[in-house]
Amino acid sequence: MNIIKGLTTFNNFIWGFPLLILLVGSSIYLTFRLRFLQVRKVLLAFKYLFVPHDETGAEGDVSSFHALAIALAGTVGTGNIIGVALAIKLGGAGALFWMWITGLFGMATKYAETMLSVKYRIKDEMGQMSGGPMYVLERGLNRKTLAKLFAVLGVIASMIGSAIPQSNTMVDILEQEFRIVPFAGTVGIGLITAYITLGGVKRISRIAGIVIPFVAGLFIFCTGLILLANIAQIPAAIMLILHSAFDFDSISGGFIGSSVAIAINQGVRRGVFSNEFGNGTSPIAAATAITHSHVRQGLINMLDVFIDTHIVNFMMGLMIIISGAYEVETDTLRIVTQSFEQVEGVAVLGNIVETVCLMFFSFTTVIAWNYYGERCAHYLMGYKIIPYYKVFFVISIMVGGVQDLSTVFMVSDLAIALMVIPNIVGIILLSNEVIDDTRAYFSEESG
C-alpha cells in the first residue's frame, strides 16, 4: 500500500505543471516557428496520405498509409473512451477543451518527432528499417546516454503503460459481455498477440491497415448518429465545455481557480496519453515507411493526433457530457456504459461502440506497442533479446487482465511521462534542423 501511495505521489509530481509546461510549451514553440504548419498543411497531409506518389527506389518496409495505421493503432485505444471519461470525471467538461487545444499544438510536435525519426533511421542487421527517438538522440545529437534512457523507458512503457491497461479493458469487456473468465481472456489475448507480432512489422501493418480504418469508421459513424439524434443538446454541451474550461466564476484577483487548473491538467494529461505526442512512440512506426522524404512522412503522421484527438476524442467526450453520467458515476467504465444508456435512442449503437470498438481499439494498441517496445529492446541489445521481450510482453498482458484499472492508469501515466523528457529534449535541440528541412522541402516543392 505504501508503494502505491509513493508511486501516486511521484506520478503527481512528474505530471505537475513543470512537465506540462515543457510538453505544451515546446509544442507552442514549434507551432510558431513552423508558422502553424499543422493548420496550413493539414489538407496537404491528407492529400499525401490518399494520393499515390512515386516512391520508386525509396527505402522502407511498409507504405506511408500502413505506417500511419500502426501509429493510429498505438494511439487509438482506451485513452479515447476510458481515458476521456476519466479526464471529464476528474477535470470536468472543460478538460475536453484543453485536450482539444493540447492536440492542436501537439500536432507540431508529432510532425517534428516523426520527420526526425525518419531522417535518422537506419537499416538494421536484418535489413529492416529502425528509427525513433533513440536514433535521433544518438545520430542527430550524439547523446547516447539519453538514447539508451529512452529505449529502456520504451521497453518498460510498452509492458506497463500499454499491455497492462489495454488487456485490462479487453478482459473486462470479455467478462461483462461474453461471461469469459479473466484467466481465459488473458490467455486468449496473449496467444493472438504472439501470433500477430511474430509476423513482424509487415504482419502488424497489414492487421492495423484493415482493422483501424474499419473500427475507427464504425466508431465515427455510430457516435455521429448518436450525436445527430441528440443534436438539440449539443449547443448546451459546448457552452458547458467552454464555461468549465475557463470557469469564470472561480477566477478572482487575476489567479485561475483550482477547477481550471484541474481541467487543464487532466485535459493535457489524458490528451498526451491518448494521442501520444511528445513521448516518441509513433515515430518508431513512421520510420518504417517507404518514402524519399522525412518531411512528407512527418506531415502524414501528424494526422495521427488530428484523427485521435479532434475527431474520436471530441465525439466521445461530447457524448459523455450530454449524458451527464460523469456527474453521478465513479467508475470510468460505468461512465461510458451509462453515457450510452442515458442518451436517447442508442441501445444498439451504444453496444457496438462500447463492445466492438473498444475491444478492437485496445487490441490494436497492444500489437502496436509490442512493436515499439521490441524496437527499443533491439536498440539496446540487438536481435538476441527480441524472443525474451515477446515472452515478457505476453506475461504483462496476462498480469494486466487482473489489475485494478485506476492503479493501471497511474502506472501508465508515470511511464509515459518519463519517456517524454529525453524525447522533447532531443526535439528542442534539433528544432533549427526541423525548421530548415521544412523550409527547404516546401521551397523545392514550390520551385
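Treat the numbers as computed from the prediction; the structure is a model and nothing was measured.
- For Arg203, the CZ atom sits in a packed shell: over 12 heavy atoms of surrounding residues, nucleotides or ligands are nearer than 6.0 Å.
- A donor atom on one side chain and an acceptor atom on the other are not found under 3.5 Å apart for Thr288 and Tyr371.
- For the atom pair CG (Leu44) and CG (Leu37), the distance works out to 9.0 Å, reported to the nearest 0.5 Å.
- Defined by atom type and a distance below 3.5 Å, a donor-acceptor pair is missing between the side-chain atoms of Asn370 and Tyr389.
- Across all their heavy atoms, Asp437 and Val295 have their closest contact at O-CG2, 3.7 Å.
- In summary, Asp308 and Lys110 do not engage in a salt bridge, as defined by a charged side-chain N under 4.0 Å from a carboxylate O.
- In summary, the side chains of His378 and Gln128 do not present any donor paired with an acceptor at a separation below 3.5 Å, with no hydrogens or angles considered.
- Here the closest heavy-atom approach between residue Ala368 and residue Ile70 is recorded as CB-O, 3.5 Å.
- Listed for the Thr223 side chain is no donor-acceptor partner under 3.5 Å among the backbone atoms of Ile220.
- The shortest distance between side-chain heavy atoms of Leu380 and Ile385 does not fall below 4.5 Å.
- At least one side-chain heavy atom of Ile196 sits less than 4.5 Å from a side-chain heavy atom of Phe363.
- Put simply, the side chain of Ser27 gets close to the backbone of Leu23: a donor and an acceptor are under 3.5 Å apart.
- Remark: Phe214 CZ is loosely packed, at most 12 non-hydrogen atoms of other residues, nucleotides or ligands lying under 6.0 Å away.
- Of the possible polar contacts, one joining the Ser205 side chain to the Lys202 backbone as a donor-acceptor pair under 3.5 Å is found.
- Taking the six-membered ring where the residue is Trp, Phe306 and His310 present tilted rings, their angle falling between 30° and 60°.
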Are Leu149 and Thr145 close enough, and set up right, to give a side chain to side chain contact (heavy atoms under 4.5 Å, CB included), and what steps lead you there? CA-CA 6 Å; Leu149 173 62; Thr145 301; 5.6 Å; no

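- Side-chain contact annotation: Tyr379 with Arg375, donor-acceptor N/O pair under 3.5 Å absent.
- Interatomic distance, Ile88 CD1 to Ile321 CD1, rounded to the nearest 0.5 Å: 4.0 Å.
- With salt bridges taken as basic N to acidic carboxylate O contacts below 4.0 Å, none links Glu138 and Arg143.
- Note that CD1 of Ile212 is 11.5 Å distant from CD1 of Ile207, once rounded to the nearest 0.5 Å.
- Residue Glu433 forms a side-chain contact (heavy atoms from CB on, under 4.5 Å) with just one option from Asp436, Leu430, Leu429, and that option is Leu430.
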Let's go through Cys376 and Ile284 carefully: what are the C-alpha distance in whole Å and the side-chain angles of both, what is the deciding distance for side chain to side chain contact (heavy atoms under 4.5 Å, CB included) to 0.1 Å, and is it a yes or a no? CA-CA 9 Å; Cys376 288; Ile284 297 174; 4.1 Å; yes

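- In this structure, the separation between CG on Leu68 and CG on Leu303 is 6.5 Å, given to the nearest 0.5 Å.
- Shown here is Tyr195, whose OH atom has no more than 12 heavy atoms of other residues, nucleotides or ligands within 6.0 Å.
- For the pair Tyr111 and Thr438, the minimum side-chain heavy-atom distance is below 4.5 Å.
- Nearest heavy atoms, Leu318 versus Ala237: CD1-CB, 3.9 Å.
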Take Trp98 and Phe246 through the test ring-ring contact (aromatic ring centres under 6.0 Å, His included) and record every step on the way to the result. CA-CA 10 Å; Trp98 294 112; Phe246 298 98; 5.6 Å; yes

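- Within a 6.0 Å radius of NZ in Lys148, other residues, nucleotides and ligands contribute 12 heavy atoms or fewer.
- A donor-acceptor contact under 3.5 angstrom links the side chains of Gln38 and Thr31, judged on distance only.
- Annotation: Phe392, atom CZ; neighbour count of heavy atoms from other residues, nucleotides and ligands within 6.0 Å does not exceed 12.
- A distance of 8.5 Å separates CD1 of Ile427 from OG1 of Thr114, quoted to the nearest 0.5 Å.
- Between Phe50 and Phe46, the ring-plane angle classifies as parallel under the 30° and 60° cut-offs.
- Without hydrogens or angle criteria, Arg121 side chain to Ala289 main chain gives a donor-acceptor distance under 3.5 Å.
- When side chains are defined from C-beta on, Ile241 does not count as touching Trp100, because their heavy atoms never get closer than 4.5 Å.
- Contact of the Pro422 side chain with the Pro133 side chain is not registered, since no non-hydrogen atoms from C-beta on lie closer than 4.5 Å.
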How far apart are the C-alpha atoms of Leu227 and Ile234, what are their side-chain angles, what is the distance that settles it, and do they pass the side chain to side chain contact (heavy atoms under 4.5 Å, CB included) test? CA-CA 8 Å; Leu227 292 174; Ile234 291 179; 4.2 Å; yes

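- Within the model, atoms CG of Leu22 and CD1 of Ile424 stand 6.0 Å from one another, a figure rounded to the nearest 0.5 Å.
- Within the 4.5 Å cutoff, the side chain of Glu374 has heavy atoms near those of the Lys390 side chain.
- Pairing each heavy atom of Ser63 with each of Ile290, the nearest pair is N-CD1, 4.3 Å.
- Looking only at atom types and distance, the side chain of Gln297 has a donor-acceptor partner in the side chain of Ser64 under 3.5 Å away.
- Proximity of His66 to Ile204: side-chain heavy atoms (C-beta onward) are nowhere separated by under 4.5 Å.
- In terms of heavy-atom proximity, Val305 sits nearest to Gly103 at CG1-O, 3.3 Å.
- The environment of Phe105 atom CZ is dense: over 12 non-hydrogen atoms of other residues, nucleotides or ligands sit within 6.0 angstrom.
- Taking the six-membered ring for Trp, Tyr48 and His53 have ring centres at least 6.0 Å apart.
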Assess the residue pair Ile101 and Val24 against the criterion (side chain to side chain contact (heavy atoms under 4.5 Å, CB included)); give the C-alpha distance rounded to whole Å, side-chain angles, the decisive distance to 0.1 Å, and a yes or no. CA-CA 10 Å; Ile101 292 298; Val24 178; over 6 Å; no

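- Glu113 places no side-chain N or O within donor-acceptor distance of the main-chain N or O of Pro283, the cut-off being under 3.5 Å.
- Here the two rings, on Trp369 and Tyr372, have centers that are under 6.0 Å apart.
- By the 4.5 Å heavy-atom criterion applied to side chains, Met134 and Leu146 are not counted as neighbours.
- Minimum heavy-atom separation, Asn301 to Ser282: ND2-O, 4.3 Å.
- Listed for the Arg439 side chain is no donor-acceptor partner under 3.5 Å among the backbone atoms of Leu34.
- For the pair Ser244 (side chain) and Leu240 (backbone), a donor-acceptor distance under 3.5 Å is present.
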